[in-house]
Protein chains: 2
Amino acid sequence: MTPRKPAGQELTREMIIDVARKQFLEKSFQEVSMRVIATELACSHGAIYYHFKNKASLFYAVVEEYFAELDTLLANTLKEEGEPDTKLIHIFLCLMRFGLNNQSQYEYMFVMRNEEVNSLSQEAASKSYAKFAQAVHPLCRESIMLSDIYSVFMALHGFIVHHLHHSKNFDEVKEIAFLHAQFLMKAIR
Amino acid sequence: MTPRKPAGQELTREMIIDVARKQFLEKSFQEVSMRVIATELACSHGAIYYHFKNKASLFYAVVEEYFAELDTLLANTLKEEGEPDTKLIHIFLCLMRFGLNNQSQYEYMFVMRNEEVNSLSQEAASKSYAKFAQAVHPLCRESIMLSDIYSVFMALHGFIVHHLHHSKNFDEVKEIAFLHAQFLMKAIR
DNA sequence: TATTTTAATTAACCACCGTTCAATTAAAAG
DNA sequence: CTTTTAATTGAACGGTGGTTAATTAAAATA
């Protein structure tokens with residue numbers, strides 16, 4: 001019995017999130033357990049509850065980061081120089097690349113539905129879409145309908161979801177990803 | 001102890017599937033349990049194992065029906081008279097209607113990934129896509145690329161997945177569904 | 001009617017889980 | 001050198017679950 005870890009070996013929020021992140025990458029929300037996370041942290045499962053209210057809030061701490069990551073990626077792509085058409089295709093590919101190189105993340109962000117967690121990540125997903133729309137809109141001609149941008153987003157979403165777990169990573173599908181992006185350009189040009 | 005039901009009250013495969021179907025409609029695969037199914041059937045949970053090898057095979061018996069249903073719907077839509085353009089839009093709407101009026105079904109058919117079950121339903125999903133492509137292809141101009149049909153399918157898929165659980169039924173989104181269909185027509189015409 | 005087959009029951013096995021909380025003790029504060 | 005406080009433990013609570021196997025009664029067959 002060692003009811004308190006020696007200085008410098010204390011459990012931190014970050015350590016827990018790190019292990020949880022790894023677990024959620026490999027397994028579904030239901031399959032990940034607080035007890036296994038604790039085992040990998042070499043601490044007791046009770047200790048986690050000192051840092052997180054419950055499993056859902058730990059989960060959300062992990063997913064929050066993913067939304068931030070995607071935001072950064074999209075922002076960087078936007079900063080690049082180039083023709084509007086090229087930039088649009090880059091944005092489309094950026095989203096598909098993120099989805100397929102971060103499959104579990106994408107699933108948690110945009111596919112998973114779970115009552116325990118959803119009010120939180122649902123909102124984050126909406127914001128993420130809004131940023132996508134704001135990025136895409138100025139690159140289209142004035143007359144474009146908002147619903148078209150919405151359609152583009154869903155078409156990209158569909159591409160990603162369809163290939164989830166079915167393909168290993170973006171590289172495996174980059175050719176069809178490019179074709180898909182061109183297909184979408186035909187619709188908005 | 002009544003180790004066997006009297007004649008005419010025996011448990012059948014169909015009775016089990018009926019209850020299981022209802023359960024899988026309301027809950028996820030993990031959340032549905034053989035024991036609860038048995039309770040609703042007023043039989044013991046052991047009895048189910050006389051008719052089904054395990055939970056996965058019972059689940060697949062349920063999902064199998066869904067693929068058949070979708071096949072029928074698409075086939076009927078194809079039979080209708082009309083211009084190719086109208087027919088195409090009808091097919092697109094048919095798929096979106098099916099997905100959003102049968103949300104859990106769609107999720108099990110095309111979204112869920114689960115090692116216990118997947119080799120089976122993965123194949124059924126591929127066949128389902130093949131039928132869609134065969135239906136769409138003759139309605140497009142000769143020069144259309146196969147990848148475009150693939151893109152259309154994924155775009156529809158994305159629309160459905162995006163609205164899963166988020167909308168109650170197809171009626172709630174039929175206007176945007178129609179816009180989405182028109183968006184896709186722009187890309188293939 | 002006697003026997004066999006079939007379909008059901010129940011207990012049991014084994015495994016898992018999230019969460020709470022009194023008890024404990026190391027580190028920090030005084 | 002005390003006291004306080006913060007972090008940690010592990011038992012306990014109250015469940016959940018899939019699957020197996022011995023057992024038995026009803027139905028089918030001979």
Side-chain angles (χ1 to χ4, degrees), chain A residues 1-24 26-63 108 112 114-118 120, chain B residues 1-24 26-63 108 112 114-118 120:
Chain A
M1 220 199 285
T2 323
R4 182 157 182 177
K5 296 263 169 85
Q9 296 181 34
E10 295 130 330
L11 202 57
T12 64
R13 255 184 89 90
E14 277 62 43
M15 288 166 61
I16 300 172
I17 291 181
D18 283 349
V19 171
R21 189 193 299 115
K22 229 174 59 182
Q23 292 282 327
F24 283 125
E26 289 161 12
K27 303 175 194 173
S28 73
F29 179 77
Q30 291 102 332
E31 285 163 351
V32 172
S33 82
M34 301 296 260
R35 293 169 128 99
V36 171
I37 291 173
T39 304
E40 190 159 332
L41 280 165
C43 75
S44 69
H45 52 272
I48 299 177
Y49 287 86
Y50 186 80
H51 299 272
F52 292 93
K53 192 176 151 285
N54 53 30
K55 189 181 170 184
S57 75
L58 169 55
F59 173 76
Y60 186 64
V62 169
V63 170
Y108 284 127
M112 188 182 102
N114 186 305
E115 295 209 343
E116 296 170 90
V117 172
N118 253 43
L120 292 164
Chain B
M1 216 201 285
T2 322
R4 184 160 179 176
K5 296 262 168 87
Q9 295 180 35
E10 294 132 329
L11 202 57
T12 64
R13 253 184 93 90
E14 277 62 43
M15 288 165 61
I16 300 172
I17 291 180
D18 282 348
V19 171
R21 188 193 300 116
K22 228 173 62 182
Q23 292 283 327
F24 284 125
E26 288 160 14
K27 304 176 194 171
S28 74
F29 180 76
Q30 290 102 333
E31 285 162 352
V32 171
S33 82
M34 300 296 259
R35 290 168 129 100
V36 171
I37 291 173
T39 304
E40 190 159 332
L41 280 164
C43 74
S44 68
H45 51 275
I48 299 177
Y49 286 87
Y50 186 79
H51 299 271
F52 292 93
K53 192 176 152 282
N54 53 29
K55 189 180 170 185
S57 75
L58 168 55
F59 173 76
Y60 185 65
V62 169
V63 170
Y108 284 126
M112 188 182 104
N114 187 304
E115 296 209 342
E116 297 170 89
V117 172
N118 253 44
L120 292 165

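Residue numbers start from 1 in every chain, and the chains themselves are labelled A, B, ... in the order their sequence lines are given, proteins ahead of strands. Treat the numbers as computed from the prediction; the structure is a model and nothing was measured.
- Listed here is the closest heavy atom pair of B:Asp18 and B:Arg21: OD1-NH1, 3.0 Å.
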Expected list for residues 38-46 of chain B: side-chain donor-acceptor pairs under 3.5 angstrom, two or more places apart:
residue, atom, partner, partner atom, Å
B:Thr39, OG1, B:Arg35, O, 2.9
B:Glu40, OE1, B:Gln23, NE2, 2.9
B:Glu40, OE2, B:Lys22, NZ, 2.6
B:Ser44, OG, B:Ala47, N, 3.4

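- At a cut-off of 3.5 angstrom, the base of C:dA8 holds no donor-acceptor pair with the side chain of B:His45.
- Applying the side chain to side chain contact (heavy atoms under 4.5 Å, CB included) criterion to A:Ala20, with sequence neighbours excluded, gives A:Phe24, A:Ile37, A:Leu58, A:Val62.
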Let me see the working for B:Glu10 and B:Arg4 under side chain to side chain contact (heavy atoms under 4.5 Å, CB included), right down to the final yes or no. CA-CA 8 Å; B:Glu10 294 132 329; B:Arg4 184 160 179 176; 3.9 Å; yes
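- Heavy-atom distances under 4.0 Å link DNA chain C to no residue of residues 26-34 of chain B.
- A:Leu11 places its CG atom 17 Å from the P atom of C:dA26, with the value rounded to the nearest Å.
- When atom types are taken as modelled, the side chain of B:Asn54 and the backbone of B:Ser57 share a donor-acceptor pair closer than 3.5 angstrom.
- Rounded to the nearest 0.5 angstrom, B:Ile48 CD1 and B:Lys55 NZ are separated by 11.0 Å.
- Rounded to an integer number of Å, the gap from NZ of A:Lys5 to C1' of C:dT24 is 15 Å.
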Look for any protein N or O under 3.5 Å of an N or O in nucleotides 1-5 of chain C and output each such pair with its distance, or none.
none

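- Partners of A:Glu31 according to the side chain to side chain contact (heavy atoms under 4.5 Å, CB included) rule, which considers only residues two or more places apart in sequence or in another chain, are A:Lys27, A:Ser28, B:Gln30.
- Here D:dT9 presents its P atom at 11 Å from CD of A:Glu10, a figure rounded to the nearest Å.
- Proximity of residues 46-56 of chain B to DNA chain C (heavy atom under 4.0 angstrom from any strand atom) is restricted to B:Gly46, B:Ala47, B:Tyr50, B:His51.
- Regarding B:Gln9, its CD atom lies at a distance of 17 Å from the C1' atom of C:dT6, rounded to whole Å.
- D:dG18 atom P lies 14 Å from atom CD1 of B:Ile16, rounded to whole Å.
- Separating the CD1 atom of B:Ile37 from the P atom of D:dG17 is a distance of 10 Å, rounded to the nearest angstrom.
- With A:Tyr108 contributing its side chain and A:Phe29 its backbone, the two residues share a donor-acceptor pair below 3.5 Å.
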